[in-house]
Asker: 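Can you keep this structure in mind? I'll have questions shortly.
Letters A, B, ... are given to chains in the order of the sequence lines, protein chains preceding strands, and every chain is numbered from 1.
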Number of protein chains: 2
Amino acid sequence: MSKASQSELTIGRLAEAAGVNVESIRYYQRIGLIEEPVKPQQGFRKYPVRAVEHIKFIKRAQQLGFSLHEIAELLELGEGHCRDVRKRAEKKRDKIEGQIRDLQALHDTLSQLIGACRAGKNAHQCPIVEALLKQDTPANAC
Amino acid sequence: MSKASQSELTIGRLAEAAGVNVESIRYYQRIGLIEEPVKPQQGFRKYPVRAVEHIKFIKRAQQLGFSLHEIAELLELGEGHCRDVRKRAEKKRDKIEGQIRDLQALHDTLSQLIGACRAGKNAHQCPIVEALLKQDTPANAC
DNA sequence: GTAAACTCCGTACTCGCCTACGGAGTCAAG
DNA sequence: CTTGACTCCGTAGGCGAGTACGGAGTTTAC
């Protein structure tokens, strides 16, 4: 029985727990996004359980459109003084606001178009097409 | 004087007008994202002015996190019957809704953390760091 | 104590999205 | 009619984010 079984993981178990594959973890280590535990002279590296959350955070952030570089920045917010941390967080927040606005606009446009398409307002050209390309495309149907 | 000067562009002018570089346009053509005008037996290819909007649309969509492949799909909505177009547009809209929700959640989290950091609620660790990593990181400051 | 499963490490490969290069041909201004 | 800027076309290189591989060493289960 290993006395550390619930507080330490091998890379394989970590990968499984975090839902990524081993190679990705090794890649994150290579680029300095996560820390590589020292290798014991005997046996394999051991990862703390919280590394699971750490990696999940990376994946979540990535799905939100952050690059690994940006994620590294987010993580580095941890070093340095609170004021700096806050400044950078605010900047990030502004950027996110912009993204939300853009997506919202696209969403609204799509909704409007879907409505027009459903109503069949325009017999000779599909309103979606029309709007997407502003008089471009071969155009048929609708 | 060229009689078509305001309705046709060379690739260079198109690139300039759309704010991308020539190579990108050629790349988009290669992958079939935009159509390459036929080459006249004499002279250079001519692009219609609306190609500018077309490319700008691509860049806007890209900034919203669409891959070129997805953008191609959006553009292809133009082919096919209105019902199909609408179906795909609705799917896309749902996806965008999800993205907005995620970004909004991140935004709220960041806002909350920025507030906590500003209030200096937690003397021994920066709340942003704490929340980002859930008890990870070297941690100082704040 | 041996076999299967896993880790380690380096290197190489892939895929998406460009960017650069080079030797043509073409155009437009002087 | 020449010169400089631009186009054309193919091919190569680059960066981000992995993925694959292969020959070690190590651990674990039987």
Asker: Is any side-chain N or O of Tyr28(B) closer than 4.0 Å to OP1 or OP2 of dC18(C)?
Answerer: yes
Asker: Where each residue is assigned the nucleotide of DNA chain C containing its nearest heavy atom, which of Phe66(B) and Glu36(A) is assigned the position nearer the 5′ end?
Answerer: Glu36(A)
Asker: Quick one: on DNA chain D, does Ser24(A) or Gly43(A) contact a more 5' nucleotide (nearest heavy atom)?
Answerer: Ser24(A)
Asker: Find the distance Ile11(B):CD1 to dT26(C):C1' and express it as a whole number of Å.
Answerer: 15 Å
Asker: Looking only at side-chain N and O atoms, does Gln42(A) come under 4.0 Å of OP1 or OP2 in dT27(D)?
Answerer: yes
Asker: Let's see if you can work this out: which of dG25(D), dG18(D), dC21(D) has an atom nearest to the side-chain heavy atoms of Leu68(A)?
Answerer: dG18(D)
Asker: When rounded to the nearest 0.5 angstrom, what is the spacing between CZ in Phe44(A) and CD in Glu8(A)?
Answerer: 14.5 Å
Asker: Could you tell me the separation between the CD1 atom of Ile71(A) and the C1' atom of dA17(D), rounded to a whole number of Å?
Answerer: 11 Å
Asker: How close or far is atom P of dT27(D) from atom CZ of Arg13(A), stated in whole angstroms?
Answerer: 14 Å
Asker: Which whole-number value in Å describes the distance from Glu23(A) CD to dG22(D) C1'?
Answerer: 12 Å
Asker: Which whole-number value in Å describes the distance from Glu70(A) CD to dA17(D) P?
Answerer: 9 Å
Asker: Check this one for me: any side-chain N or O of Ser67(A) less than 4.0 Å away from OP1 or OP2 of dG16(D)?
Answerer: no
Asker: Quickly work out the Arg26(B) CZ to dC21(C) P distance and round it to whole Å.
Answerer: 15 Å
Asker: Between dG25(D), dT19(C), dC6(D), spot the one nearest the side chain of Phe44(B), thanks.
Answerer: dC6(D)
Asker: Look at Asn21(B) and dT19(C) and indicate whether a side-chain polar atom (N or O) is within less than 4.0 Å of OP1 or OP2.
Answerer: yes
Asker: Is any side-chain nitrogen or oxygen of Gln62(A) closer than 4.0 Å to OP1 or OP2 of dG18(D)?
Answerer: yes
Asker: Would Gln112(A) and Asp108(A) count as having a side-chain donor-acceptor pair, cut-off 3.5 Å?
Answerer: no
Asker: Are any of the side-chain heavy atoms of His54(A) and Ile34(A) separated by less than 4.5 Å?
Answerer: yes
Asker: So, taking the atom named CD1 in Ile25(B) and the one named OH in Tyr47(B), what distance separates them when rounded to the nearest 0.5 Å?
Answerer: 6.5 Å
Asker: Does a nitrogen or oxygen in the side chain of Lys59(B) sit under 4.0 Å from OP1 or OP2 of dC18(C)?
Answerer: yes
Asker: Nearest whole angstrom, please: distance from the C1' of dT7(C) to the CG of Leu9(A).
Answerer: 14 Å
Asker: dG18(D) base to Arg30(A) side chain: any donor-acceptor pair below 3.5 Å?
Answerer: no
Asker: Salt bridge check: are Glu90(A) and Arg118(B) linked by an N-O gap of less than 4.0 Å?
Answerer: yes
Asker: Grab the CD-P distance between Glu16(B) and dA5(D) for me, whole Å please.
Answerer: 15 Å
Asker: For the side chain of Tyr27(B), counting heavy atoms from C-beta on, which of dC18(C), dT7(C), dT27(D) is nearest?
Answerer: dC18(C)
